[in-house]
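Lettering of chains follows the sequences in order, A, B, ..., and the numbering in each one begins at 1. All values derive from a computational prediction rather than experimental measurement.
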Amino acid sequence: MPGYKPAELEAKWQQAWDEAEVYRTPPASDAPDRYVLEMLPYPSGRIHMGHVRVYTLGDVLARYSRARGYNVLHPMGWDGFGLPAENAAMEHGVHPAKWTWSNIETMRAQLRSMGLSYDWDCEVATCSPEYMREQQRLFLKMLNAGLIYRAEAWANWDPVEHTVLANEQVIDGRGWRSGALIVRRLLPQWFFRITRYAGELLEALDRLPRWPERVKTMQRNWIGRSEGALMRFQVVGNDQEVEVFTTRPDTIFGATFIALSPDHPLSRTCADTNPAVDAFIRECTRDPGRRDHDAAGPAGKTGVDTGLHVQHPFLERSLRVFVADYVLMEYGTGAIFAVPAHDQRDLDFARAHQLDVAPVVEPPPGVEHPGPDEAYVGDGTLVNSGFLDGLDVAAAKQAVIDRLGTNSKRSVQYRLHDWCASRQRYWGCPVPVIFCPDCGVVPVPDSDLPVTLPDDVRFDQPGNPLERHAVWKTVPCPGCGATAERETQTLDTFVDSAWYYYRYTSARAEQPLERAAVTRWCPTFQYVGGIEHAILHLLYARFFTRALRDIGELPFDEPFDGLYCQGMVCHRTYREPAAGTWLYPEEVEVTRNGGFRRRSDGVPVVAGRIEKMSKSRRNVVDPVDIIATYGADVARLFMLSDSPPERDLEWTTAGVEGAARYLQRIWRAFDELEPGPVDAVRPVSFAPAAQALRQATHRTIRAVEADIEAFRHNRAVAHLRSLSNAFLRFDVPAAGAGGAWALREALETFVRLSAPLIPHLAEELWQRLGRVGFVCQSAWPEADPELTTETRATVAVQVNGKLRGTIEVAPGTGEADTREAALRLPNVVRAIEGAEVRKVIVVPDKVVNVVAR
RNA sequence: GCGGGUGUGGCGGAAUUGGUAGACGCGCCGGACUCAAAAUCCGGUUCUGGCAACAGAGUGUCGGUUCGAGUCCGACCACCCGCACCA
């Protein structure tokens with residue numbers, strides 16, 4: 001028998017699977033349906049180890065689910081739009097479409113080489129005209145339903161490139177390409193009304209038990225619900241009002257000033273007549289980075305007096321009105337009443353501007369008063385607060401709201417903003433509307449969809465090529481026929497990925513979603529992906545699901561029943577000390593004494609931290625190389641061994657070689673071992689050694705299925721290795737009665753249990769065992785309860801909690817017998833010699849603890 | 001600052017959820033095979049003492065609950081991640 005040659009063997013089985021179409025999504029049947037989904041990749045050009053990890057995890061579940069009798073939908077697609085394609089166009093002169101589609105070709109082939117069990121008939125690319133059409137249809141339906149609106153929003157304007165930048169393209173307040181200082185600019189943009197669902201999105205998190213707690217926490221924080229009150233203040237000397245949101249209405253008697261956001265309408269009004277206010281607002285507008293007062297601290301809080309005053313609702317006093325940079329227009333009403341004694345930010349501002357500090361909450365007895373520059377934010381008793389005196393914080397909040405009557409009301413505010421989903425870019429899904437000078441915003445008629453992108457564009461000048469493309473841009477108004485202009489903004493790629501998983505269920509439909517298909521498979525049983533999408537992508541997907549529900553496309557609320565976030569793939573970093581340049585792992589070798597040196601010239605290399613694989617640090621290993629050298633099964637096995645999936649995994653050569661050695665050993669074992677014939681009748685009795693192997697086999701079934709279902713693949717691998725250790729050391733002639741039969745059972749079971757993890761090798765071994773058909777289509781083995789129950793128990797015997805020995809008993813041995821056997825142990829006798837036995841605790845089948853002194 | 005997580009041998013990690021700490025593997029040590037090396041196979045491997053039987057210590061630190069704590073409770077330390085002027 002020739003050696004294990006993964007390249008040949010894997011190509012052979014991949015072809016066989018394709019020809020037999022084994023991964024095609026089955027039609028509905030009596031069997032239950034299960035949708036296994038992994039986050040779709042961005043077609044960057046090559047797969048990386050992160051892809052190998054996440055797609056292996058999903059594939060194991062898909063294959064396991066099929067074996068357990070489910071109809072499985074396991075699709076794959078491409079997040080085709082996005083900025084890198086435009087960057088490639090600018091840098092290399094290649095058209096974004098060409099670049100993207102060729103990357104998709106390459107990466108599809110790479111994913112196929114991993115042996116992933118996808119139904120490629122469901123493949124979806126978000127940059128395809130078909131996907132764009134259906135997305136534009138959904139967009140227009142949502143627009144019609146009032147779930148989308150157009151409003152002015154601040155954007156990052158690069159004055160050199162004359163273009164709008166995404167937040168990630170702004171580095172330290174400067175454009176990433178031009179280096180120019182970025183200016184904030186108001187532009188009309190498109191918004192999804194996600195805030196309409198803020199409360200629902202928050203509450204529903206409690207009903208997602210199969211989501212990681214940390215993801216739910218992040219989403220809760222992001223939505224940021226807070227309960228408080230809206231209160232109105234009269235401006236002294238005119239009829240204007242300032243409305244503020246506060247969570248602490250109880251501290252109203254401690255208010256010493258009012259602060260407005262620079263973007264507040266009243267600030268703007270003041271600026272017209274007050275040069276100092278005007279200058280301050282201009283300063284804030286010019287420098288978007290000034291809001292990130294990370295290191296600045298209290299001194300960083302700047303502001304200016306407007307000269308205005310408002311009337312305190314309960315006192316004869318009036319309060320000065322400031323414009324302050326620490327008040328955000330996007331939250332609440334963009335105005336606050338400031339209580340320096342009980343809010344740190346207000347205190348910082350008050351100290352910087354010599355404003356009064358008036359404590360009104362007395363800490364409870366035993367709680368220390370804070371220092372002069374520390375606000376007290378805890379509970380306590382109200383003082384110096386008129387009718388509130390003596391109340392606690394909660395009661396005072398209620399009393400203030402009651403007393404203010406129509407000038408106040410309870411209010412819930414969210415940190416979450418509406419989703420600004422338009423981008424001033426070329427490579428995205430066009431917003432399907434037309435601006436007509438007479439009719440205004442006109443949706444593109446359904447028969448004209450999709451609005452596709454023009455091919456004849458160039459990226460040799462800055463800005464959005466769609467805006468410069470007169471032919472594409474100029475169209476007759478669908479309503480009145482007048483000359484009109486297309487919207488040149490395109491959609492955020494998060495829109496594309498907010499519903500692609502529904503599209504998979506009816507990927508070729510001539511409508512966005514087919515009701516029967518989507519309700520058959522969705523909500524998704526299990527979604528697997530990176531934690532980096534914990535907030536935005538998953539929140540947008542949850543929002544989209546509700547929006548689609550409300551426009552009648554879906555009958556449920558949540559997209560993903562189960563969510564699993566895998567850890568990162570890391571690698572040690574290496575640096576060449578002289579120039580400090582990063583080195584690729586393949587450029588480095590280990591020296592005799594455990595150090596590192598450069599392979600080419602022997603220069604010593606500094607080993608840095610183990611960090612997430614990234615091109616910039618060059619600590620990357622290319623999956624294509626690994627698969628070529630070791631095979632996909634080795635790569636998959638290594639990904640699953642050792643590290644629990646949610647933790648970071650360190651990629652090491654030693655680890656990969658360990659996985660490769662193991663598969664070699666298995667390969668050889670199947671050569672050398674001599675199992676009984678296929679489908680032989682089970683012997684009536686088994687000699688002890690054969691029986692022991694059978695027990696190991698059946699216990700492994702139990703363990704592996706529990707491990708896979710709980711995403712503990714590292715333990716599943718450990719259990720499989722234990723089983724292989726058992727059959728590797730199994731000697732058929734020495735085992736006695738039933739030995740050969742037990743060995744075949746062990747081997748076949750091993751192959752079936754490991755098939756989800758190492759599908760190619762499993763297929764080959766299955767065939768070698770004389771089985772016809774695919775192991776990937778065979779059923780999961782069933783554990784025999786008689787063989788999984790323990791036949792003897794090892795009882796730990798302790799004296800005063802310290803282990804002194806063990807005894808073997810039959811399971812279920814009574815307390816008295818167990819106690820007696822334990823007390824006979826020589827070591828125990830010695831330990832309690834001369835002491836008085838006070839108590840003997842017996843936990844049957846587990847432990848005996850002798851308490852003596 | 002707020003929120004969340006993690007901490008166990010030289011290393012990755014197990015521990016049936018309060019009952020024998022270190023499964024499985026990597027590495028290392030010893031042995032077999034070999035002229036030799038690699039590969040492979042066998043044995044050992046938490047630390048300290050002891051030839052051994054065995055004894056003592058041990059799951060970030062300190063304390064508590066318990067017959068018994070890696071696991072529960074309290075305080076702290078370190079590291080990692082997310083959010084961050086959200087009124």
Side-chain angles (χ1 to χ4, degrees), chain A residues 212-222 224-226 228 244-248 251 259 261 291-294 296-298 300-301 324-328 330-339 342-346 348-349 413-417 531-532 534-535 567-568 594 638 641-644 646-650 652-659 661-662 664-665 668 702-703 706 712 714-725 728-729 790 794-807 826-827 830-831 838-843 845-852:
Chain A
E213 206 48 52
R214 62 183 170 146
V215 172
K216 290 191 275 187
T217 304
M218 281 192 243
Q219 294 221 346
R220 282 189 193 103
N221 293 342
W222 189 259
R225 182 181 196 272
S226 61
V244 306
F245 173 72
T246 179
T247 55
R248 294 295 302 272
T251 61
S261 163
R291 285 169 181 251
D292 306 328
H293 282 301
D294 208 9
K301 286 193 174 51
D325 65 347
Y326 75 94
V327 183
L328 306 175
E330 306 87 70
Y331 188 76
T333 62
I336 58 161
F337 73 73
V339 185
H342 304 298
D343 184 288
Q344 192 60 46
R345 297 153 302 181
D346 297 345
D348 294 341
F349 188 85
Q413 295 289 325
Y414 295 95
R415 208 190 77 104
L416 182 70
H417 305 329
I531 189 75
E532 66 272 23
I535 299 175
M568 300 182 295
F638 175 67
S641 307
D642 292 353
S643 292
E646 76 272 14
R647 266 196 240 180
D648 289 351
L649 171 138
E650 188 197 352
T652 60
T653 308
V656 187
E657 280 173 354
R661 256 201 316 271
Y662 177 63
Q664 294 281 2
R665 185 148 71 236
R668 276 198 312 273
R702 272 281 153 78
R712 297 182 301 214
N714 56 320
R715 297 207 325 192
V717 171
H719 285 122
L720 284 169
R721 292 187 91 127
S722 292
L723 178 59
S724 60
N725 286 345
L728 279 165
R729 100 171 70 82
E790 295 295 333
T794 309
V795 175
V797 182
Q798 306 171 332
V799 175
N800 292 329
K802 215 164 256 183
L803 186 73
R804 295 296 167 188
T806 58
I807 52 173
N827 227 18
R830 201 177 324 131
R838 297 238 169 144
K839 202 157 110 186
V840 180
I841 285 131
V842 181
V843 182
D845 300 348
K846 296 243 167 167
V847 76
V848 174
N849 191 9
V850 182
V851 185

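- Spacing of C1' atoms, rG70(B) relative to rU16(B), comes out at 15 Å, to the nearest Å.
- For the pair His719(A) NE2 and rC24(B) C1', the computed distance is 8 Å after rounding to whole Å.
- Taken from CD1 in Ile535(A) to CD in Gln219(A), the straight-line distance is 7.5 Å, to the nearest 0.5 Å.
- Taking for each of Tyr414(A) and Ala654(A) the nucleotide of RNA chain B with the nearest heavy atom, the 5'-most of the two is the partner of Ala654(A).
- In this structure, OH in Tyr331(A) is found 12.0 Å from CD1 in Ile336(A), a value given to the nearest 0.5 Å.
- One P atom belongs to rU46(B), the other to rA32(B), and the distance between them is 23 Å to the nearest Å.
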Quiz prompt | Base-contact (B) and sugar-phosphate-only (S) positions in nucleotides 63-71 of chain B, heavy-atom cut-off under 4.0 Å, - elsewhere | solution = ----BS---
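- Taking atom C1' in both rC79(B) and rG74(B), the straight-line distance is 22 Å, to the nearest Å.
- Straight-line distance between the P atoms of rG64(B) and rG58(B): roughly 14 Å, to the nearest whole Å.
- Residues Ser226(A) and Phe245(A) have side chains in contact (heavy-atom distance under 4.5 Å, counting atoms from C-beta outward).
- To the nearest angstrom, P of rC85(B) lies 13 Å from CG of Asp348(A).
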Short N/O separations, protein against nucleotides 42-48 of chain B, under 3.5 angstrom:
none

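- Ser226(A) comes within 4.0 angstrom of the backbone, heavy atoms only, and of no base.
- Taking atom CD of residue Glu330(A) and atom C1' of nucleotide rA87(B), one finds them 13 Å apart after rounding to whole Å.
- How far NE2 of His719(A) is from CG of Asn714(A): 10.0 Å, rounded to the nearest 0.5 Å.
- For Asn725(A) and rG25(B), the shortest distance from a side-chain N or O to OP1 or OP2 is below 4.0 Å.
- Put simply, the side chain of Asn800(A) gets close to the backbone of Ala852(A): a donor and an acceptor are under 3.5 Å apart.
- In this structure a side-chain-to-backbone donor-acceptor pair under 3.5 Å is missing from Asn849(A) to Ile841(A).
- For Tyr662(A) and Ser724(A), the side-chain atoms include at least one donor-acceptor pair closer than 3.5 Å.
- The distance from atom CZ of Arg415(A) to atom CD of Glu330(A), rounded to the nearest 0.5 Å, is 10.5 Å.
- Residue Gly332(A) comes nearest to Gln413(A) through the heavy atom pair CA-OE1, 3.4 Å, listed as atom of the first residue, atom of the second, then distance.
- In this structure, the CD atom of Glu790(A) is 10 Å from the C1' atom of rU16(B), given to the nearest Å.
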Short heteroatom pairs, N/O only, protein and nucleotides 38-41 of chain B, under 3.5 Å:
from, atom 1, to, atom 2, distance (Å)
rU40(B), O3', Arg668(A), NH2, 3.1

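- Considering only side-chain atoms of Asn714(A), the nucleotide from rA87(B), rA84(B), rA14(B) that sits closest is rA14(B).
- On the C1' atoms, rC73(B) is 12 Å away from rU66(B), given to the nearest whole Å.
- What separates CG of Asp325(A) from P of rA87(B) is a distance of 17 Å, to the nearest Å.
- As rounded to the nearest Å, rC72(B) and rC28(B) have P atoms that lie 36 Å from one another.
- Side-chain contact check for Val842(A) versus Val848(A): some heavy-atom pair is nearer than 4.5 Å.
- Looking at heavy atoms from C-beta onward, Asn221(A) lies out of side-chain contact with Met218(A) at the 4.5 angstrom threshold.
- Look at the C1' atom in both rA55(B) and rU65(B): the space between them is 29 Å, to the nearest Å.
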Quiz item: Is there a side-chain contact (heavy atoms from CB on, under 4.5 Å) between Glu790(A) and Asp845(A) once you walk through the steps?
Solution: CA-CA 10 Å; Glu790(A) 295 295 333; Asp845(A) 300 348; over 6 Å; no
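- The CD1-P distance, from Ile531(A) to rC83(B), rounds to 11 Å in whole Å.
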So which protein nitrogen or oxygen atoms get under 3.5 Å of nucleotides 2-12 of chain B's nitrogens or oxygens?
from, atom 1, to, atom 2, distance (Å)
rG12(B), O2', Ser643(A), OG, 3.2
rG12(B), N2, Asp642(A), OD1, 2.8

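- Atom pair Leu728(A):CG and rC24(B):P shows a separation of 13 Å (rounding to whole Å applied).
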Kindly give the atom pairs (protein nitrogen or oxygen, nucleotide nitrogen or oxygen) under 3.5 Å for nucleotides 51-55 of chain B.
from, atom 1, to, atom 2, distance (Å)
rA55(B), OP1, Arg804(A), NH1, 2.9

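- What you find for Ala338(A) and Tyr326(A) is that their closest heavy atoms are CB-OH, 4.3 Å.
- If you check every strand for non-hydrogen atoms under 4.0 Å, Arg415(A) touches a base.
- Formation of a donor-acceptor pair under 3.5 Å by the Asp648(A) side chain with backbone atoms of Gly567(A) is not found in this model.
- Residues Phe337(A) and Thr251(A) have side chains in contact (heavy-atom distance under 4.5 Å, counting atoms from C-beta outward).
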Quiz item: Pairing of RNA chain B as dot-bracket, 5' to 3': ( ) intra-strand, [ ] crossing, | other strand, . unpaired, with Watson-Crick or G-U pairs under 3.5 Å?
Solution: (((((((..(((......[....)))((((((.......))))))((((....))))..(((((..]....))))))))))))....
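- Protein atom CG of Leu723(A) is 18 Å distant from nucleotide atom P of rA23(B), rounded to whole Å.
- Nearer to the 5' terminus of RNA chain B, by closest-nucleotide assignment, is the contact made by Val717(A) (compared with the other of His417(A) and Val717(A)).
- Both tests do not hold together for Lys301(A) against Phe349(A): distance to the six-membered ring centre under 6.0 Å, angle to the ring axis within 45°.
- For the P atoms, the distance from rU71(B) to rG60(B) is 8 Å, rounded to whole Å.
- Considering only heavy atoms from C-beta on, Arg248(A) stays 4.5 Å or farther from Val339(A) through its side chain.
- Interatomic distance, CZ of Arg721(A) versus CG of Asn725(A), reported as 8.0 Å (0.5 Å rounding).
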